[in-house]
Amino acid sequence: MKFDSVIIGGGHAGIEAALACARMGASTAMVTFSKDTIGAMSCNPAIGGLGKGQLVKEIDALFGEMGLAIDETGIQFRTLNASKGPAVRSSRAQADGELYSRRMIRAIEQCPNLTLIEGEVSSLVTQGNKITGIYVDRELLIEARAVVITSGTFLKGLMHTGEKQTVGGRFSDKSATTLSDSLRDLGLNIRRLKTGTPARLSKKTIDFSRLIEQPGDDPIRPFSFRNKEIARKQISCWLTSTNEKTHEIIRRNRDRSPLFNGQIQSGGPRYCPSIEDKVYRFADKNCHHIFLEPEGYESNIVYPNGISTSLPADVQEEFIRSIEGLEQAEIIRHGYAVEYDFVDPRELNHALKIKSIEGLYCAGQINGTSGYEEAGAQGIIAGINAALFVQDKEPFTLQRSEAYIAVMIDDLVTLGVLEPYRMFTSRAEYRLHLREDNAASRLSSYARKLGLISDTEWNKFCCLEEQVQSEKERLFNTYIMPSAQENEYLSSIGSAEISDSLNLATLLRRPEISYFQLCEHYLPDVTLSSRELERIETEIKFEGYLKRQEQDIERMRRMEDVKIPTDFSYDELKALSIEVRERLNSSRPETLGQAARLSGVTPAAVSAISIVLRRYKSSTNQIINV
């Protein structure tokens with residue numbers, strides 16, 4: 001069999017990679033253990049969250065599938081940090097896990113240029129430093145110019161529930177036992193990480209009368225900018241918490257925990273720790289919140305978010321039944337931790353290509369990340385670049401100032417990981433610029449150039465952008481005059497009266513006035529969704545801050561434009577310390593901006609490198625300004 005590109009894995013990274021590749025015209029094969037597990041939500045049945053919601057919006061802006069899928073299968077939608085500034089607001093939705101998976105299976109099956117193959121990828125085939133294909137089940141050779149590995153937690157996956165160890169990357173699934181050996185044979189740095197999941201509980205056995213209800217937002221705000229509204233019944237989630245009795249049970253069984261008895265050696269997620277890790281790391285806390293999240297409309301399964309564990313089954317039952325509302329809870333499936341192999345992401349460039357192997361890309365947990373959203377975001381970039389590679393075109397990369405996706409990728413390939421990487425808004429320097437509401441405005445023009453958008457969809461996008469700009473112009477060009485009627489309205493909404501004429505944009509900059517209030521009194525010419533209204537309000541209220549941030553972005557962009565030749569010798573720069581030279585030689589940054597972000601590389605070191613680079617370029621008549 002022969003294809004332009006092969007995607008290994010049918011998880012969230014694999015879905016976006018395969019669809020992007022095929023939609024760009026590359027003949028593509030997705031190889032996965034079973035088609036029935038495509039898009040499976042192995043852990044929490046939810047999409048989005050702080051920083052993660054921004055990633056999903058950016059996948060959608062590049063015309064990926066995740067935003068559309070959660071809009072169609074979500075059972076509860078919420079905006080996190082709604083009371084805070086627009087830079088840190090993030091969307092999150094609880095999903096019907098079974099519906100979500102079926103929705104993604106349909107997308108894969110109905111996509112032109114995409115062939116689905118069931119089996120285990122046993123090894124990679126290379127010729128020199130080029131990938132040429134893969135072996136499936138040790139027998140079937142599939143030739144390809146580009147391969148994207150999105151193996152999730154399956155590379156030599158090993159599950160732990162107390163002393164019990166089971167080979168597998170996920171409950172009821174097997175492990176990929178030989179693929180990571182193939183990667184080692186290519187000279188790549190392969191390491192181990194750990195993640196975990198909690199027990200699943202029977203909804204029928206939970207006493208919800210003793211819990212705190214958490215309903216969804218009304219109205220629902222869609223993830224995809226291609227959807228204006230969602231009219232659907234929502235299901236509540238519920239809040240409870242651990243207590244001192246719970247903690248005592250966990251402390252009493254410390255020696256039976258694989259995390260503490262030496263059974264698990266690899267690093268786990270700092271920002272989503274197991275309950276036993278929380279009890280010891282935060283010994284001063286007498287309780288930890290638990291969010292009880294239904295796994296679907298018709299499902300009897302409840303996901304207790306906050307008590308991920310690898311403790312033995314009998315201990316799990318004891319500590320869960322010590323929690324308020326869960327005294328009679330029945331466990332449908334016990335929690336477990338899973339260890340798996342991953343590739344040191346410093347082996348990758350910003351296109352998510354393995355530097356030393358032409359045509360080989362990695363995306364998702366194989367790069368040391370956690371979460372569906374981080375995986376999907378890497379998947380679409382890797383898929384795009386695999387398609388560009390087979391079409392003999394330049395790779396597609398984004399700068400940190402353009403997208404959260406770029407922040408994540410730059411963090412990975414520049415700094416590497418010691419624990420599963422999780423996206424947060426705090427990781428982005430320009431988060432006021434990288435908001436959820438303007439993701440399409442920032443990125444959809446790239447999707448058009450890449451061939452990911454149909455003419456019909458592009459025309460819809462352009463029409464929406466024109467409406468937003470037209471409404472902003474109306475606010476700047478519409479003036480109100482001081483009058484008894486106008487001042488009475490301003491007083492009624494708690495704002496100061498006016499004595500001179502001013503435009504609506506200036507009025508909107510008043511902190512006590514929202515755009516929704518303004519629209520009620522001064523009707524807009526077009527009907528826009530809440531997402532576009534929020535974008536207009538933010539861009540006007542924070543215009544000064546945004547302009548200042550644009551200046552910072554331009555300074556950083558100049559550094560990013562300074563490419564460092566692959567054969568550049570840091571050893572000859574005697575102005576650099578031995579430590580800095582070692583870090584630079586180890587990481588081999590692609591640009592001056594990337595070098596500046598390396599831990600231990602000082603501003604003085606960056607200045608020294610820039611001076612030498614200026615001379616280096618001048619010697620080839622390529623003068624640059626740093």
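Being a predicted model, the structure only gives us computed values, none of them experimental. Heavy-atom basis, side chains included; hydrogens, waters and symmetry copies ignored.
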Do Ile290 and Ser241 come within less than 4.5 Å of each other through their side chains, counting heavy atoms only?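 No - every pair of side-chain heavy atoms lies 4.5 Å or more apart.
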
Please work out whether the ring planes of His12 and Tyr372 are parallel, tilted or perpendicular, with thresholds of 30° and 60°.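 Tilted, since the angle between the ring planes falls between 30° and 60°.
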
Name each donor-acceptor pair under 3.5 Å that joins a side chain in residues 230-238 to protein atoms two or more places apart or in another chain, with its distance.
| unit_1 | atom_1 | unit_2 | atom_2 | d |
| --- | --- | --- | --- | --- |
| Arg232 | NH1 | Asp71 | O | 3.0 |
| Arg232 | NH1 | Gly74 | O | 2.8 |
| Arg232 | NH2 | Asp71 | O | 2.6 |
| Arg232 | NH2 | Glu72 | O | 3.4 |
| Gln234 | OE1 | Phe77 | N | 2.7 |
| Gln234 | NE2 | Asp217 | O | 2.7 |
| Ser236 | OG | Glu213 | OE2 | 2.6 |

Asp455 vs Arg448, test: salt bridge (Lys or Arg N to Asp or Glu O under 4.0 Å). Steps then yes/no. CA-CA 9 Å; Asp455 290 341; Arg448 177 64 172 175; 2.9 Å; yes

Do [X] and [Y] sit within salt-bridge range, that is, some charged N less than 4.0 Å from a carboxylate O?
{"X": "Arg555", "Y": "Asp552", "answer": "yes"}
{"X": "Arg531", "Y": "Glu229", "answer": "no"}
{"X": "Arg103", "Y": "Glu98", "answer": "no"}
{"X": "Arg92", "Y": "Glu293", "answer": "yes"}
{"X": "Arg23", "Y": "Glu65", "answer": "yes"}
{"X": "Arg597", "Y": "Glu560", "answer": "yes"}
{"X": "Arg89", "Y": "Glu534", "answer": "yes"}
{"X": "Glu590", "Y": "Lys563", "answer": "no"}
{"X": "Asp411", "Y": "Arg400", "answer": "yes"}

Decide side chain to side chain donor-acceptor pair (under 3.5 Å) for Thr506 and Asn503; before the verdict, give the C-alpha distance in whole Å, the side-chain angles of both, and the deciding distance to 0.1 Å. CA-CA 6 Å; Thr506 303; Asn503 61 28; 2.7 Å; yes

So, for [X] and [Y], which heavy atoms are closest and what is the spacing to 0.1 Å?
{"X": "Gly196", "Y": "Cys43", "result": "O-SG, 3.7 Å"}
{"X": "Tyr100", "Y": "Met66", "result": "OH-CG, 3.5 Å"}
{"X": "Ala95", "Y": "Ile70", "result": "CB-CD1, 3.5 Å"}
{"X": "Ala377", "Y": "Leu55", "result": "CB-CD2, 4.1 Å"}
{"X": "Leu598", "Y": "Leu415", "result": "CA-CD2, 4.2 Å"}
{"X": "Leu518", "Y": "Leu475", "result": "CD2-CD2, 4.1 Å"}

Not counting sequence neighbours, list each pair that qualifies as a side-chain hydrogen bond (donor to acceptor under 3.5 Å, both in side chains) and has a residue in residues 474-487.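 Every side-chain hydrogen bond (donor to acceptor under 3.5 Å, both in side chains) pair that includes a residue of residues 474-487, provided the two are not neighbours, is Glu471-Arg474, Glu486-Tyr522.
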
What is the distance from atom OH of Tyr421 to atom CD of Gln378, rounded to the nearest 0.5 Å?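 Answer for the OH-CD pair, Tyr421 versus Gln378, is 9.5 Å.
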
Gap between atom CG of Leu434 and atom CD of Gln54 - 0.5 Å precision: 8.5 Å

Can you confirm whether more than 12 heavy atoms, excluding those of [X], are under 6.0 Å from its [atom1] atom?
{"X": "Tyr545", "atom1": "OH", "result": "no"}
{"X": "Leu502", "atom1": "CG", "result": "yes"}
{"X": "Glu512", "atom1": "CD", "result": "yes"}

Criterion side chain to side chain donor-acceptor pair (under 3.5 Å) on Glu550 and Tyr430, from CA distance to verdict: CA-CA 9 Å; Glu550 285 168 7; Tyr430 311 114; over 6 Å; no

Assess the residue pair Ser224 and Asp60 against the criterion (side chain to side chain donor-acceptor pair (under 3.5 Å)); give the C-alpha distance rounded to whole Å, side-chain angles, the decisive distance to 0.1 Å, and a yes or no. CA-CA 6 Å; Ser224 177; Asp60 185 67; 2.8 Å; yes

Please walk me through it: do Arg226 and Glu457 pass salt bridge (Lys or Arg N to Asp or Glu O under 4.0 Å)? CA-CA 8 Å; Arg226 290 169 274 180; Glu457 292 286 0; 5.2 Å; no

Donor-acceptor under 3.5 Å (Gln94 side chain, Pro45 main chain):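 Judged by distance alone, yes, a pair lies under 3.5 Å.
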
Report the residues that fulfil salt bridge (charged side-chain N to carboxylate O under 4.0 Å, His left out) with Arg200, sequence neighbours left out, ordered by chain and then residue number.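 In terms of salt bridge (charged side-chain N to carboxylate O under 4.0 Å, His left out), with neighbours along the sequence ignored, Arg200 is linked to Glu295.
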
Matching residue for Ile493 among Glu520, Gln517, Arg510 - test: side-chain contact (heavy atoms from CB on, under 4.5 Å): Gln517

Worked check of side chain to side chain donor-acceptor pair (under 3.5 Å) between Ser514 and Glu537: CA-CA 8 Å; Ser514 74; Glu537 178 172 15; 5.1 Å; no

